[in-house]
K.L.:
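What follows is a structure written as structure tokens; I'll ask about it next.
For the single chain, residues carry numbers from 1 onward in sequence order. Keep in mind it's a predicted model, so treat the numbers as computed, not measured.
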Amino acid sequence: MSILEENLIVKGAAEQVTTFESGNEMAAMAAAQINYHIMGYFPITPSTEVAQFLDQMKARGEHDIKLIPADGEHGSAGICYGASATGARVFNATSANGFLYMIEQLPVQAGTRLPMVMNLVTRAVSGPLDIRGDHSDLYYGLNTGWVILTAKTPQAVYDMNIMALKIAEHSKVRLPVIVAYDGFFTSHQKRKVNYFSDRRVVQKFVGECPTDYNFARDPKKPVTIGAHMNGDDLINNHFQQSEAIIAAGEVYKEVAAEYAKLSGREYSVLDLYKMEDAEVALFLLNSAAESAKDVADRFREKGIKVGVISPNIIRPFPAKEIREALKNVKALLVGERADSYGANGPNLTHEIKSALQDDKDNKTVVLSRVFGLGGKDFYADDAEKFFEMAIEAAENGFAEKPFDYYGHVPGNTDKKIKPVITPQHSDAYKSGLIEVKVDEETNKLKVKIPPLRNLTNKPKRIASGHGACPGCGIFGGLELFFKGIEGDVVVLYQTGCAYVTTTSYPYTSHKQTMIHNLFQNGAATLSGTVEAFLELKKRGEIEVSEDATFVMITGDGGMDIGMGSAIGTALRNHKLIILEYDNEGYMNTGSQMSYSTPMGHMTSTSNVGKTQKGKAFHHKDTAQIMASTNIPYVFTGVEAFPQDLIKKAAKAQWYAQNVGTVYGKILITCPLNWKSEDRYGEKILEQAVNSCFFPLYEVEQGVTAITYNPEEKNKRVTLSEWLKYMGKTKHLLKEENKDVLLGFEAEVEKRWQRLKAKHENPYL
């Protein structure tokens with residue numbers, strides 16, 4: 001059976017507390033006890049919780065780590081690199097595409113020999129998008145120069161996070177370290193764990209933060225970090241780096257032995273289960289190995305000598321230990337949750353084969369199976385199949401199929417899903433009731449729209465059956481906007497709630513063409529689509545309607561990580577619309593703080609407690625940022641003022657078809673994470689406008705015009721009248737938080753007065 005953590009405890013270990021926690025909780029616990037200086041982070045499932053837990057602990061005053069929310073994973077890696085250059089202790093956590101987004105920074109960190117610790121909560125790399133666990137992200141990290149530890153259980157996550165820092169800072173190593181554990185399997189599942197009751201035990205173990213290296217911390221001792229090198233120097237640098245990561249293997253053994261005395265838990269280089277006399281074995285990373293151990297017991301009961309090998313460290317690769325473990329093994333099946341496409345086997349398979357080449361007496365047959373992609377479960381029955389494959393190879397003396405996928409199934413054409421509605425296009429989406437003309441005197445657009453009831457016959461762009469939360473404002477807001485768009489649309493959705501809830505293979509809620517790409521690159525992607533359409537049409541290779549409109553939908557903080565792409569698209573002035581639904585947070589990953597989150601508002605990474613009062617800085621004004629790129633049209637809108645939004649949509653379409661890039665921002669409600677009642681959705685939006693927090697205006701050809709002035713309508717209300725409807729802001733109405741509310745009010749008033757000045761003066 002699997003090794004139980006309580007069986008590893010030995011006498012003489014430091015005092016520990018027993019509880020049931022997840023891997024993410026234990027990563028945060030280790031970080032808090034170490035009390036790192038800096039954590040640069042950006043939320044991505046399933047690693048997001050690590051920062052959330054640390055923020056909660058910070059609000060309770062349980063650590064002093066400075067948590068810095070980045071604009072994306074690339075930014076978070078930069079924050080961490082800059083902090084580590086000072087000699088500060090630095091921590092991070094990420095997953096999947098976030099890991100890839102930061103990956104160009106990782107060799108820089110390793111090549112300049114700056115230690116830090118990062119938790120990689122492993123997850124499938126898209127596309128297509130899948131948020132569950134496999135090792136496709138981990139394998140991209142194998143060549144970054146980082147030491148990589150692998151943790152099978154929440155207990156191992158805690159222990160390895162403590163060992164990782166000591167290894168990273170060791171004088172023979174001086175390299176950053178990844179602690180990799182399985183997304184959702186280990187990150188979210190709770191298991192029995194032990195942790196040190198006194199953080200001073202942990203801090204004594206890791207030791208004092210080294211200061212005797214060339215850090216950028218003392219102006220009296222100037223240093224140059226990352227100087228350009230030519231080939232002669234670079235080969236020396238990389239040789240030294242190679243020697244350091246190889247040395248990390250021996251340092252790992254030393255640190256693990258020292259930690260075993262302290263904790264009572266041993267982490268040898270290889271976790272060998274029933275391998276003393278095994279003739280057949282499985283090689284599995286992380287959580288899958290735990291499932292296979294139980295199955296190994298069953299085979300042992302039948303008299304079949306099987307075992308399980310699982311590494312605790314894969315960089316440096318434990319070639320020597322693997323050769324020793326496989327001396328008498330006739331067949332080894334390597335199961336991997338990732339592939340190295342076209343290499344006839346994934347990475348670790350080839351590294352094991354390479355290791356065995358150095359043992360001329362070894363005759364082990366190695367076969368490889370890719371399994372468990374996208375979080376596909378690995379059950380005891382699957383482990384049994386793996387053992388049977390290895391046993392067959394051992395009996396035959398060869399593997400009939402050395403490499404294959406396991407768990408894939410052929411499609412069945414009889415079960416092909418047929419569309420349930422006839423595709424709607426062109427005239428179906430033309431009401432003929434919206435009129436847009438250029439005013440010859442002002443050179444601006446005049447828009448006439450019919451009474452709203454006359455537009456109800458216009459079909460929706462998004463079909464029913466999507467998975468949005470009750471009361472979600474996204475689709476009400478988007479559909480109202482689309483009422484003002486005539487004819488066909490091609491829509492790109494960045495990752496976010498609107499995308500995730502409307503597409504789950506093989507189903508879709510989109511009636512017209514929809515493309516998906518990641519947060520950070522949506523605008524650039526759609527700009528390529530637009531230009532390709534136009535070029536294909538110019539060459540006569542396709543026929544598309546003249547009034548087709550290209551729209552990018554972003555939200556859930558997408559204008560943070562995607563801001564660079566959006567600005568680049570705007571500066572190139574492609575003929576498309578960028579529409580942001582602003583729900584004031586990263587709602588698709590669990591309501592983390594976004595730069596669009598207003599000051600003082602509570603999120604899962606801007607908690608409220610004795611040392612924190614919600615978000616500490618003001619929200620980003622994306623409409624004004626995009627207006628500064630000199631695109632022809634920028635607007636704001638809300639569903640609570642429908643005529644205003646539909647008119648702006650009609651204008652947006654005209655400008656996108658005739659001039660260039662348009663940006664629009666609509667505020668939408670998120671009852672789940674705003675902690676508000678569904679029935680107040682329209683009221684919340686209305687009061688956001690009437691309080692001047694979210695003013696309705698447009699910037700047409702560089703000239704600002706307020707389209708609804710609550711002061712002129714005698715409907716101006718205080719911010720408190722808006723904030724009282726949301727649970728995430730009720731703390732701001734308490735006397736002890738008055739200073740935060742006053743600061744928020746002052747900023748809103750400043751922005752409102754500035755907007756009025758622009759409205760009154762076309763040159764501003």
K.L.:
May I have the step-by-step check of side chain to side chain contact (heavy atoms under 4.5 Å, CB included) for Arg716 and Cys692, ending in yes or no?
P.N.:
CA-CA 7 Å; Arg716 177 87 189 257; Cys692 296; 3.3 Å; yes

K.L.:
Indicate, with yes or no, if the rings of His574 and Phe550 have centres closer together than 6.0 Å.
P.N.:
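Judged by ring-centre distance (under 6.0 Å), His574 and Phe550 do not meet the cut-off.
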
K.L.:
Given the rule in the side-chain hydrogen bond (donor to acceptor under 3.5 Å, both in side chains) test, do Glu749 and Gln753 qualify, once you have shown the distances and angles that lead to the verdict?
P.N.:
CA-CA 6 Å; Glu749 184 62 24; Gln753 293 300 330; 2.6 Å; yes

K.L.:
Using the side-chain hydrogen bond (donor to acceptor under 3.5 Å, both in side chains) rule, take His510 and Thr502 through it: C-alpha gap first, then chi angles, then the decisive distance, then the call.
P.N.:
CA-CA 7 Å; His510 297 276; Thr502 55; 2.8 Å; yes

K.L.:
Tell me whether Glu747 is salt-bridged to Arg751, with the criterion being a basic N under 4.0 Å from an acidic carboxylate O.
P.N.:
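Answer for the salt bridge query: yes.
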
K.L.:
Hey, are Glu700 and Lys651 close enough for a salt bridge, meaning a charged N less than 4.0 Å from a carboxylate O?
P.N.:
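Salt bridge: yes.
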
K.L.:
Can you confirm whether Leu764 sits close enough to Thr704 that some side-chain heavy atom of one is under 4.5 Å from a side-chain heavy atom of the other?
P.N.:
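Contact flag for Leu764/Thr704 side chains = no.
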
K.L.:
Would you say that Leu579 contacts Leu478 through its side chain, given a criterion of any heavy-atom pair below 4.5 Å between the two side chains?
P.N.:
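Touching, per the 4.5 Å side-chain cut-off.
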
K.L.:
Is any side-chain heavy atom of Thr186 less than 4.5 Å from a side-chain heavy atom of Pro154?
P.N.:
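Yes, at least one pair of side-chain atoms sits under 4.5 Å.
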
K.L.:
If you define the side chain from C-beta out and look only at heavy atoms, does anything of Ser527 sit under 4.5 Å from Leu576?
P.N.:
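Answer yes - side chains close enough.
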
K.L.:
Kindly give the heavy-atom pair with the smallest separation between Ser76 and Phe42, and that separation in Å.
P.N.:
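Smallest interatomic distance, heavy atoms only, reads CB-N, 4.2 Å.
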
K.L.:
Where the side chain of Glu639 meets the backbone of Leu480, is there a donor-acceptor pair that is under 3.5 Å apart?
P.N.:
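It does not hold such a pair.
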
K.L.:
To the nearest 0.5 Å, tell me how far Leu723 CG sits from Lys730 NZ.
P.N.:
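These two atoms lie 11.5 Å from each other.
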
K.L.:
For residues 25-42, which residue pairs pass the salt bridge (Lys or Arg N to Asp or Glu O under 4.0 Å) check, not counting sequence neighbours?
P.N.:
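Those involving residues 25-42 are Glu25-Lys190.
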
K.L.:
Write down the atom of Phe184, the atom of Ser187, and the distance for their closest heavy-atom approach.
P.N.:
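Distance-wise, the nearest heavy atoms are N-OG, 2.5 Å.
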
K.L.:
Between Arg123 and Asp130, what is the shortest heavy-atom contact and its length?
P.N.:
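The pair with the smallest heavy-atom distance is NE-O, 3.5 Å.
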
K.L.:
Side chains of Asp644 and Phe635, heavy atoms from C-beta outward: is any pair under 4.5 Å?
P.N.:
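Of all side-chain heavy-atom pairs linking Phe635 with Asp644, none is under 4.5 Å.
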
K.L.:
CD of Glu49 to OG of Ser22: how many Å apart, nearest 0.5 Å?
P.N.:
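So the CD of Glu49 and the OG of Ser22 are separated by 5.5 Å.
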
K.L.:
Any non-hydrogen side-chain atom of Ser691 less than 4.5 Å from a side-chain atom of Val748?
P.N.:
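No, their side chains stay 4.5 Å or more apart.
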
K.L.:
Under a 3.5 Å distance rule, please check whether Ser606 uses its side chain to pair with a backbone N or O of Met602 as donor and acceptor.
P.N.:
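Checked: no pair found.
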
K.L.:
When you look at NZ of Lys756, are more than 12 heavy atoms from neighbouring residues, nucleotides or ligands closer to it than 6.0 Å?
P.N.:
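Enclosed.
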
K.L.:
Just checking, Lys615 and Phe617: is the charged tip under 6.0 Å from the six-membered ring centre and within 45° of the axis?
P.N.:
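The answer is yes, since Lys615 meets both limits relative to Phe617.
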
K.L.:
Can you see which heavy atom on His731 is nearest to which on Lys613, and at what distance?
P.N.:
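Distance-wise, the nearest heavy atoms are NE2-O, 3.8 Å.
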
K.L.:
Taking the side chain from His63 and the backbone from Ala31, do they hold a donor-acceptor pair closer than 3.5 Å?
P.N.:
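Not at all, since once roles are kept as given, no pair shorter than 3.5 Å links the two residues.
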
K.L.:
Give me the ring orientation class for His619 and Phe744: parallel if the planes are under 30° apart, tilted from 30 to 60°, perpendicular past 60°.
P.N.:
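Rings of His619 and Phe744: perpendicular, over 60°.
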
K.L.:
Do Thr589 side-chain atoms and Thr45 backbone N/O form a donor-acceptor pair below 3.5 Å?
P.N.:
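Here the side-chain-to-backbone pair does not exist.
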
K.L.:
Do Tyr181 and Thr122 have side chains that get closer than 4.5 Å, going by heavy atoms?
P.N.:
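They are not in contact (no side-chain heavy atoms under 4.5 Å apart), so the answer is no.
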
K.L.:
Who pairs with Tyr697 by ring pair (Phe, Tyr, Trp, His ring centres under 6.0 Å), at least two apart in sequence or on another chain?
P.N.:
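Once residues adjacent in sequence are excluded, Tyr697 has no partner under the ring pair (Phe, Tyr, Trp, His ring centres under 6.0 Å) criterion.
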
K.L.:
Do the charged groups of Lys715 and Glu721 touch, with an N to O distance under 4.0 Å?
P.N.:
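No salt bridge links Lys715 with Glu721.
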
K.L.:
For a side chain to side chain contact (heavy atoms under 4.5 Å, CB included) check, start with the C-alpha distance between Leu732 and His601, then their side-chain angles and the critical distance, and finish with the verdict.
P.N.:
CA-CA 8 Å; Leu732 292 175; His601 287 221; 4.2 Å; yes

K.L.:
Would you check if Met626 and Ile567 make a side-chain contact, meaning some heavy-atom pair closer than 4.5 Å?
P.N.:
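They are in contact (side-chain heavy atoms under 4.5 Å apart), so the answer is yes.
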
K.L.:
As a test of understanding, state which of Asn583, Thr603, Asp560 forms a side-chain hydrogen bond (donor to acceptor under 3.5 Å, both in side chains) with Ser594.
P.N.:
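Single side-chain hydrogen bond (donor to acceptor under 3.5 Å, both in side chains) partner of Ser594 among Asn583, Thr603, Asp560: Asp560.
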
K.L.:
Can you tell me how the ring of Tyr708 sits relative to the ring of Phe641, calling it parallel under 30°, perpendicular over 60° and tilted otherwise?
P.N.:
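Tilted: the ring planes of Tyr708 and Phe641 meet at 30° to 60°.
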
K.L.:
In this structure, are over 12 heavy atoms from other groups packed under 6.0 Å from Lys647 atom NZ?
P.N.:
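Open: at most 12 neighbouring heavy atoms sit under 6.0 Å from NZ of Lys647.
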
